[in-house]
Student: 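Once you've had a glance at the structure underneath, I'll fire off some questions.
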Amino acid sequence: MNTVKINLEYGAFPVWVYDSEGNLVDNDFPEYLMEDEELETAFSEIQALFDGLFIDDETEFRYIGFKSDGDKAVFDEKLENSRKLLQSKLAPGWGLQVLPNLQNLK
């Protein structure tokens with residue numbers, strides 16, 4: 001089964017496509033979803049929020065986290081809504097995983 005994984009990494013699109021053997025195919029949506037503007041908007045927003053959790057300038061790169069529990073709750077809700085949206089659009093034969101590192105963000 002082909003699999004889509006949601007995995008946040010600084011500066012990278014949060015959707016990763018793997019083939020049935022577990023090999024990375026692309027860091028984007030499956031080809032048949034590439035033109036889906038609703039998905040693109042949702043996951044681009046997630047990535048922008050995630051990247052905003054870091055300081056990245058000429059002298060420093062570090063994780064600073066959420067400013068408040070409310071900001072974390074908003075992020076978690078957007079992530080869950082985006083996951084549900086992607087799940088609803090995946091074709092039969094595709095799996096979806098959310099990698100566990102997303103559960104531990106502070």
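For the single chain, residues carry numbers from 1 onward in sequence order.
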Student: Nearest 0.5 Å, please: how far is CD in Gln87 from CG in Leu96?
Tutor: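 CD of Gln87 is found 5.0 Å from CG of Leu96.
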Student: Are the side chains of Val15 and Asn27 in touch, meaning some heavy atoms are under 4.5 Å apart?
Tutor: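 No, side chains not in contact.
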Student: Do Phe54 and Leu8 sit in one hydrophobic cluster, given that two such residues count as connected whenever their side-chain heavy atoms are within less than 4.5 Å of each other, even indirectly?
Tutor: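 Both belong to a single hydrophobic cluster.
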Student: Might you point out which heavy atoms bring Ser82 and Ile46 nearest each other, and give the distance in Å?
Tutor: OG-CG1, 3.7 Å
Student: So, do Tyr10 and Tyr63 sit near enough that their side-chain heavy atoms are less than 4.5 Å apart?
Tutor: no
Student: Could you state whether Phe43 and Val25 fall into the same hydrophobic cluster, counting links through intermediate Ile, Leu, Val, Met, Phe, Trp or Tyr residues with side-chain heavy atoms under 4.5 angstrom apart?
Tutor: yes
Student: State, with a plain yes or no, whether a side-chain heavy atom of Pro14 is found less than 4.5 Å away from one of Asn7.
Tutor: no
Student: Are the side chains of Leu33 and Leu39 in touch, meaning some heavy atoms are under 4.5 Å apart?
Tutor: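 Answer yes - side chains close enough.
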Student: Working note: Leu53 + Phe66, criterion side-chain contact (heavy atoms from CB on, under 4.5 Å); need CA distance, chi angles, decisive distance, verdict.
Tutor: CA-CA 6 Å; Leu53 301 176; Phe66 294 96; 3.6 Å; yes
Student: Please find out if less than 6.0 Å separates the ring center of Phe29 from that of Phe13.
Tutor: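 Yes; Phe13 has its ring centre under 6.0 Å from that of Phe29.
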Student: Treating Ile, Leu, Val, Met, Phe, Trp and Tyr as nodes and any side-chain heavy-atom pair under 4.5 angstrom as an edge, say whether Trp16 and Met1 lie in one connected cluster.
Tutor: no
Student: Side-chain contact, heavy-atom cut-off 4.5 Å: Tyr32 with Trp94?
Tutor: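 They are in side-chain contact.
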Student: Answer yes or no: are there more than 12 heavy-atom neighbours, outside Glu35 itself, under 6.0 Å from its atom CD?
Tutor: no
Student: For the residue pair Asn2 and Tyr18, confirm or rule out a side-chain donor-acceptor distance under 3.5 Å.
Tutor: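 No pair is found: no donor N or O on one side chain lies under 3.5 Å from an acceptor on the other.
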Student: Going by heavy atoms in the side chains, are Ile6 and Gln97 under 4.5 Å from each other?
Tutor: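 With C-beta onward as the side chain, the pair stays apart.
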Student: Between Val4 and Pro30, what is the shortest heavy-atom contact and its length?
Tutor: CG2-CG, 3.6 Å
Student: Considering all heavy atoms of both residues, which atom of Leu85 and which atom of Ala42 are nearest to each other, and what is their separation?
Tutor: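 Looks like CD2-CB, 4.3 Å.
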Student: Taking the side chain as every heavy atom from C-beta outward, state whether Ile64 and Arg62 have any atom pair closer than 4.5 Å.
Tutor: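 Contact flag for Ile64/Arg62 side chains = yes.
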Student: Taking only residues at least two apart or on different chains, which pairs with a member in residues 36-49 satisfy side-chain hydrogen bond (donor to acceptor under 3.5 Å, both in side chains)?
Tutor: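 As it turns out, the side-chain hydrogen bond (donor to acceptor under 3.5 Å, both in side chains) pairs with a partner in residues 36-49, which skip direct neighbours, are Asp36-Lys89, Glu38-Lys89, Glu40-Ser44, Glu45-Lys78, Gln47-Asp51.
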Student: Can you tell me how far apart CG (Asp71) and CG (Asp76) are? Round to the nearest 0.5 Å.
Tutor: 11.0 Å
Student: Which heavy-atom pair separates Thr59 from Asp57 by the least distance, and what is that distance?
Tutor: N-OD1, 2.9 Å
Student: Can you confirm whether more than 12 heavy atoms, excluding those of Asp69, are under 6.0 Å from its CG atom?
Tutor: no
